[in-house]
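Accompanying notes for the structure given below.
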Amino acid sequence: MESIRIQTGIPYDALVGRGLLDQAGGLARNAVRGDGMLILADENVAPLYLERVKAAFEQAGFRTGTFVFPAGEEAKRLSTVEAILSEADRMGLTRTDCFAALGGGVTGDMAGLAAALYLRGVDFVQIPTTLLAMVDASVGGKTAVNLVSGKNLCGAFHQPRLVICDPDTLDTLPPPVLAEGMAEVIKHGAICSAALLDRIREGAAPGDLVAENIRIKSGIVSRDERESGERKLLNLGHTFGHALEKLSGYTIYHGEGVAVGMLIAAFSAGRAGLCAPGVYEELRELLRSRNLPVTTAFTAAEIAKNAMNDKKRAGNSLTVVLPAERGRSVLRTIPASELRTLIACCDGEVTGR
Ligand code: GLY
């Protein structure tokens, strides 16, 4: 088992090891305070792992309850959070009790928000079962639900007390769900690690990349917990990716939007003379090799218009993340009105195809 320390205001560990699901209760015992544990999972994950994890918590002396909700982005809304809070109240959970998020990014984001709100804040444990949730969403304390106008527009920072990653769960993932996690892995390489890009190029298995990616994310989050600077780099591809998700009516996966979003950023940066030659081409090749999309039919104008509501916008400015060279990205703040001009060059190459 590997253990990675996340040095936030209240530090916590991310544990990575095969078979850890069955040890979840004992591991959580040392990290949380009370005995009550409400375990949240969606309808896809519940039949696979819920009974096992519940048994693991009960063996460690927890009094458990479960809450299962429909799978997918549609359920990531305040009404589901309200139902979770009502269930916690019905169970009689108190301030020292805990929530556990068993599943992918949607589950972790919603469970985290519910934990931030219940009795003004209770502990929660992340037990991610997708690659995307292991390498990104479960670490760093971003919690949120969607509003009709966009993704993750209602949320809070609330760090988990523990993250338990069992790479065995990656074996049951549908290929597109595994692929979307690879988009976040490639993103970490593009932001700050040429060595990670090398490992991806050499064909490393996703499960073998989890700990290294958590270390990268942990470093960034530990230096900038509240995203006042460096953490914004983790949004590479997201401003455009969220716009694509919205334009598609949330029919594409988050990671697919991020993949194309990164290419929009890299191609635009190259054309603007802000990025070294070859960076866009390598990213495109890596994404394609991991079965991720590298083009979209939506035009640059449509994407720019939809990106205007991005939560990274501050007044009339928008901070975009642009690859600068292999394994290094930078932040650039531009007037929001210039976004369309910046990415217009992508039509015919990445966008409008
Ligand atoms: N997913 C980006 C972040 O946690 O900051």
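Computation of the quantities below employed the complete heavy-atom set of this structure, encompassing side-chain atoms and omitting hydrogens, waters and symmetry-equivalent molecules. Counting convention: from 1, in listed order, for ligands and their atoms alike.
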Charged N-O contact under 4.0 Å between Asp35 and Arg63: no
Side-chain H-bond candidate by donor/acceptor type, Glu302 with Thr299, under 3.5 Å: yes
Asp109 bridged to Lys142 by N-O distance under 4.0 Å: no
Short N or O distance, His238 and ligand 1, threshold 3.5 Å exclusive: no
Closest approach of any protein heavy atom to atom 4 (O) of ligand 1, naming residue and atom: Lys217 NZ, 2.5 Å
Nearest heavy atoms of Leu331 and Val321, plus distance in Å: CD2-CG2, 3.9 Å
For atom 1 (N) of ligand 1, closest protein heavy-atom neighbour: Asp136 OD1, 3.0 Å
Within-cut-off N or O pair, Asn235 and ligand 1, under 3.5 Å: no
Nearest neighbour in protein (non-hydrogen) for atom 5 (O) of ligand 1: Arg231 NE, 2.8 Å
Close N or O approach (Lys187, ligand 1; < 3.5 Å): no
Aromatic ring proximity Phe62/Phe57, centre distance under 6.0 Å: yes
Numbered atoms and elements of ligand 1 in range of Leu234, under 4.0 angstrom, heavy atoms: 2 (C), 3 (C), 5 (O)
Salt-bridge criterion met for Glu184 and Lys187 (N-O under 4.0 Å): yes
